[in-house]
Structure formats: C-alpha cells, structure tokens
2 protein chains.
Amino acid sequence: MARNPERRNLLADAGLRILAAAGARGLTHRAVDAEAGVPTGTASNYFPSRSALLAGLAERIFDRIAPDPAVVADLGRREPSLALFTDYLRDIVARTTREPDLTRALFELRLEAARHPELRAALGDVLRRGYADDVAFHVAAGLPGGAYEIALLHYAVDGLLLDLLTTSIDAGFDPDQVVSTLVSRLVRGADLAP
Amino acid sequence: MARNPERRNLLADAGLRILAAAGARGLTHRAVDAEAGVPTGTASNYFPSRSALLAGLAERIFDRIAPDPAVVADLGRREPSLALFTDYLRDIVARTTREPDLTRALFELRLEAARHPELRAALGDVLRRGYADDVAFHVAAGLPGGAYEIALLHYAVDGLLLDLLTTSIDAGFDPDQVVSTLVSRLVRGADLAP
DNA sequence: GGATAACCACGACGGCCGTCGTGGTTCGGC
DNA sequence: GCCGAACCACGACGGCCGTCGTGGTTATCC
C-alpha cells in the first residue's frame, strides 16, 4: 500500500491539519499535497480514494493521540489514587488543548464516521478499546467506581473538550479545576445514592 | 432578505437534513434545492452565498431546538426540585435523540463555527444565552448549586449526546439513568468538598 | 387597468474536485 | 552494468460547485 511510511505520515499529518483548519469540506487530495509541500498527485498515490484518505487519517490520529510515554511512566511510579487519576485526566485535557488541531480533527472524524460505516467500525473499535483500558486500569488500581463512573467521566471530559475547542459557552472556569471536580463528584460519588 | 418565510423555513429544514445526513461537505445550494423539492436556484435566491446559507441554518436550528412549550408549561406547574430538573434534562436528551438530525446538524455547525468568525459570534451568543437562562432558572428555583454546577452538567450532557449521536463507546447504560446520576452527583455534590 | 418593483426559475461561466492513465525515475538482485 | 518492478510526478477528463446575470411572472398601488 505504502512504500515510504515517513512520507505517508507526512501526508496524514498535513491532512489532519487541514481537517482541523478547514473541515471535511476543505480536505482534498490537492489540499493535502499543498499543505505537505509535495508535488500534486502524491496524496492520490498514497491514498487512492477519498475514503482511503479518511481511513488513513483515522489510523494516524490514534498514533499521535496516545499519551506521552514519559508522562505515563511518571504516573506509573506513583501510588494509585484519585489524585493520580485526576492528573492523568488533566494531562489528556492539557495535551488535547495544546494541540487543538488533533482533537478538532478527531471530532470531525467522529461526525464523518456517523455516516460512513467502515470508518465508524474502525473508529468505534479504537474508542471502545480506550474506554475498556480506562476501566481496567481503574479497577486494577482499586479506585472507587467502575465502568459506570468511567463512562460518566468520559462523557463529561468529551463535552468539556468540545466546549474548549469549538463554540464555547464561556463559563470561565479553569479546566484543571473542572476536571478535579468531575473526578471528585462523579467517581467518589459512587459510594453515594443512587 | 426573504419574502416568503414558509419557503425559507422549508429550505432551511432541508439544509439541516442534508447537514446531518451528508455533513458540511454535502451541503450545497443545489442539494438543498433537490432535498426541498424546489427548482434549482431557489436556495441561491434565498441564501445568496454559502455563509448566508450557514447563517440561515443556524438561525433556524434554534427555532426548532427550543423545548416544547407544552412540556415546559407542564414542568412549570410542578414544585421546583432536583427531580423536576432531572426531568427537564431528560426531555432535552429524549428530544434530541428522537430528532438526531437536528442535533447532529448542531454539532456540524459548532465545528464550522470554530473556523467562521461571524458564525461563531452568532452561535456563541445563543449558546451563552441558553447557559445563562439555565443558571437563572436554577438559582431562582432555589435549587442547590449555581453557575459552576450548570456548566458541569452542560459539559456532561453534551458529551453524552455526542456519544449517542456519533461514534459511541457503547457503554450500554440507560441515558435516563445517566442523566439522573449526573444531576444527583454533580449538582447535589455542590454541598460537598471540593 | 397599467406601471413599477419584487420575486423567482433557469442558464452560463470559471474553478476546483476525485479519479485514472501514462511516461519518467529510482532501486535492488544478479 | 543491466533488467525488471515498484514508485512517483504530472496531465487530462468528466462532474459538481458557488456565483452572477437575465428574462418571465406575480403582486401591489395609483
């Protein structure tokens, strides 16, 4: 499919920048070529059709969106606790807002996947795997709460990111504080009714 | 601008259906004409440019997304309580998932607005007004919590809707139950630390 | 009842799109 | 040092896009 992985990634990264900056409407083979600074036709050679291009971007985005191994290793050395979990979520929010292009592109892909069955299958697998991993980590660490609480957190953090990266209600609260409160109330509240 | 409001709304509704079904990429004047069953060129006459078309859709979407007056009146007769507030949110989730096109179109518009300053200003105003109204209602009703708690709920419900309407993690929990838990923990938790 | 203006259907134009084909080029095996 | 295959740059084609112009039609007011 692709002989030169470097060039393929270069093109995919250019495509993600376009997806964030111009939306699905601006994502074309020629635009990717221009953004990547390669001759016209290159993107068409690496991603023969438009759906192949979208699939390529989906593949690439999860390589890049994975947490920084250094941060993960750092967190892994600490004793499991809600404070640790809070820092883990804060890292996600900080990283995604520091690279808004990636997250905006992911939102675009999620919307696009709602219409494109093959893309939905691929994206859904990755999202579900991430969710399952979070649940497994949480349970293994002996923290309060389980799958239900992780799902609630997932929704809330996604909504927060959507607000931060698109049209916002400008409530003006500090994201770190919001994350802290979400963990505190949603997870610790697992002990409470109902 | 528009002589015939009925026809304008007919076109705008067709545009919203397209936005949900085909995304921003499929939203064209000709596609709107075809979807609305009117002669080619009609959409171009009512919305002279593409940004005018987007602005028209944004205007229309908030007319249609407003809560059902009957439901609001019904809720207004009951004593203010967290149960009442939960029912209010459940109505929002039920209504938006019953008409997924509208909500998906709103997500598309929010992403589009992140790039288009004039659309962002218009959309932002409406979103902020809705948020302020929710806060005012909450405080006036004497319910626990304030602006902070409403913002948290707003994030969580938006994230829930995003999950329900686009690529989902398929956690499998009942949305009504999720809403109930969110209100319970996020709002009632306002009394707890931190 | 006619004039005036607004509205509307329709066509045309330049531009950009996805896709495919076609030679030029590079690289590894012998 | 040659040969074959894979890769790549580039052009061409049919199609759809946004926009603008142009007559035909309808409605309103004197």
Side-chain angles (χ1 to χ4, degrees), chain A residues 1-60 105 108-109 112-113 115-119, chain B residues 1-60 105 108-109 112-113 115-119:
Chain A
M1 180 188 291
R3 189 52 175 255
N4 188 342
E6 275 185 34
R7 204 152 230 254
R8 190 181 172 84
N9 285 341
L10 179 78
L11 288 167
D13 287 342
L16 290 176
R17 282 196 300 275
I18 291 172
L19 205 51
R25 178 154 247 267
L27 182 70
T28 70
H29 285 102
R30 287 169 176 83
V32 172
D33 291 333
E35 173 73 23
V38 299
T40 308
T42 308
S44 272
N45 285 325
Y46 276 82
F47 310 99
S49 71
R50 190 182 151 80
S51 57
L53 177 58
L54 284 174
L57 296 195
E59 189 181 328
R60 175 67 176 156
E108 291 277 357
L109 278 178
E112 198 74 16
R115 302 180 270 275
H116 233 287
E118 67 206 39
L119 186 57
Chain B
M1 177 187 292
R3 190 54 177 252
N4 187 343
E6 275 185 34
R7 205 152 228 255
R8 191 182 171 83
N9 285 342
L10 178 77
L11 288 168
D13 287 342
L16 290 177
R17 282 197 299 275
I18 292 172
L19 205 51
R25 177 154 248 266
L27 182 72
T28 70
H29 285 103
R30 287 169 176 83
V32 172
D33 292 332
E35 173 73 23
V38 298
T40 308
T42 308
S44 273
N45 285 324
Y46 277 83
F47 309 100
S49 69
R50 190 184 150 80
S51 58
L53 178 58
L54 284 174
L57 295 194
E59 189 181 327
R60 175 66 176 157
E108 291 278 355
L109 278 178
E112 198 74 15
R115 302 180 269 275
H116 232 287
E118 68 206 38
L119 186 58

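Because the structure is a prediction, the values reported are computed rather than measured. For the numbers below, each heavy atom of this structure counts, side chains included, while hydrogens, waters and symmetry mates do not. Residue numbers begin at 1 in each chain, while the letters A, B, ... track the order of the sequences.
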Between C/dT19 (P) and A/Leu53 (CG): distance, integer Å: 10 Å
Minimum side-chain heavy-atom gap A/Asp33-A/Leu11 below 4.5 Å: yes
Whole-Å gap separating C1' (D/dC8) and CZ (A/Arg8): 15 Å
Contact under 4.0 Å: B/Arg7 side-chain N or O vs C/dA9 OP1/OP2: yes
Rounded interatomic separation in angstrom, taking NE2 from A/His29 and C1' from C/dC17: 11 Å
Below 4.0 Å: OP1/OP2 of D/dA9 and any side-chain N or O of A/Thr42: yes
Interatomic distance where CZ belongs to B/Phe47 and C1' belongs to D/dT19 [whole Å]: 16 Å
Distance test, side-chain N/O of B/Arg25 to OP1/OP2 of C/dG18, below 4.0 Å: yes
side-chain N/O B/Tyr46 vs C/dC8 OP1/OP2, d < 4.0 Å: yes
B/Leu54 CG - D/dC17 C1' separation (whole Å): 15 Å
Euclidean distance, A/Glu59 CD relative to A/Leu54 CG, rounded to 0.5 Å: 12.5 Å
Angle of first-five versus last-five pair axes in the helix from C/dG1-D/dC30 to C/dC30-D/dG1, to 10 degrees: 10°
B/Thr42 and B/Val32, any side-chain heavy atoms less than 4.5 Å apart: no
Minimum-distance nucleotide (side-chain atoms of A/Pro39 versus D/dC8, D/dC17, D/dC10): D/dC10
Integer-rounded Å distance: D/dC10 P and A/Asn45 CG: 11 Å
Nearest-angstrom distance from the residue atom CG of A/Asp33 to P of D/dC8: 12 Å
Under 4.0 angstrom between A/Thr28 side-chain N/O and C/dC17 OP1 or OP2: yes
Heavy-atom side-chain contact between A/Val38 and A/Arg7 under 4.5 Å: yes
Out of C/dT19, D/dG18, D/dC8, whichever nucleotide has its closest atom nearest the side chain of B/Arg30: D/dG18
Test item: A/Arg25 and B/Leu27 side chains (from C-beta on) under 4.5 Å apart, heavy atoms: no
Presence of B/Ser44 side-chain N/O under 4.0 Å of D/dT19 phosphate oxygens OP1/OP2: no
CG-CZ distance between A/Asn45 and A/Arg8, expressed to the nearest 0.5 angstrom: 12.0 Å
From A/Tyr46 atom OH to A/Leu10 atom CG, the distance as rounded to the nearest 0.5 Å: 9.5 Å
